[in-house]
Amino acid sequence: GEGLGTVGWWYSGTLVEVVDAASVVVAFRLDDEMPAAARNAAAAAGGELRVVLMAELLRPQPPPPPDDFASQLAQGVALELRRDGGWVEVEALEVRGKAAPPP
């Protein structure tokens, strides 16, 4: 998404209104990890930033990782990383150990 100032990042928000087939209003709660400009706008708006976005920019929140997630990690695997209040696609460059199998 591009609405909060960081191109290529995905942020969790709440769909507030469907304006039309192409536009929606999404509310983002004040979060310390937000980019500074978005954090300042949310603070000025009472802790919630409402943004009109193109509907095509929305996607469901990523599912929680499976219990054996660490054992599935390998170099080159595509991942999503939560950072600065949003999600960004990354690639595993190196794996330094694996989780022990569940008991």
Side-chain angles (χ1 to χ4, degrees):
E2 300 177 19
L4 293 178
T6 309
V7 176
W9 291 60
W10 296 92
Y11 293 90
S12 298
T14 302
L15 179 64
V16 175
E17 176 185 353
V18 176
V19 178
D20 55 39
S23 303
V24 295
V25 177
V26 177
F28 298 93
R29 291 181 45 209
L30 179 60
D31 183 335
D32 289 339
E33 293 184 354
M34 283 179 161
R39 188 173 53 249
N40 293 340
E48 181 179 85
L49 177 62
R50 290 186 178 211
V51 180
V52 177
L53 298 171
M54 294 183 313
E56 68 187 33
L57 294 177
L58 297 181
R59 71 175 189 180
Q61 186 170 351
D67 291 338
D68 63 344
F69 175 71
S71 67
Q72 296 176 26
L73 293 176
Q75 185 174 353
V77 170
L79 302 165
E80 290 189 359
L81 172 72
R82 179 159 172 79
R83 182 178 168 111
D84 297 332
W87 293 90
V88 64
E89 293 179 6
V90 298
E91 179 181 314
L93 298 178
E94 181 180 352
V95 178
R96 296 183 182 179
K98 304 254 181 193

*Would you check if V24 and V19 make a side-chain contact, meaning some heavy-atom pair closer than 4.5 Å?*
no
For [X], give me all partners under side-chain contact (heavy atoms from CB on, under 4.5 Å), at least two apart in sequence or on another chain.
X: E80; answer: R59, P62, W87, E89
X: D20; answer: A22, S23
X: L79; answer: F69, L73, V77, V90, A92

Residues 41-56, side-chain donor-acceptor partners within the protein, below 3.5 Å, at least two apart:
residue, atom, partner, partner atom, Å
E48, OE1, R50, NE, 2.9
E48, OE1, R50, NH2, 3.2

*Qualifying residues under side chain to side chain donor-acceptor pair (under 3.5 Å), relative to E91, sequence neighbours excluded*: none
*What closest approach, in Å, do A27 and V16 show between heavy atoms, and which atom pair accounts for it?*
CB-CG2, 3.5 Å
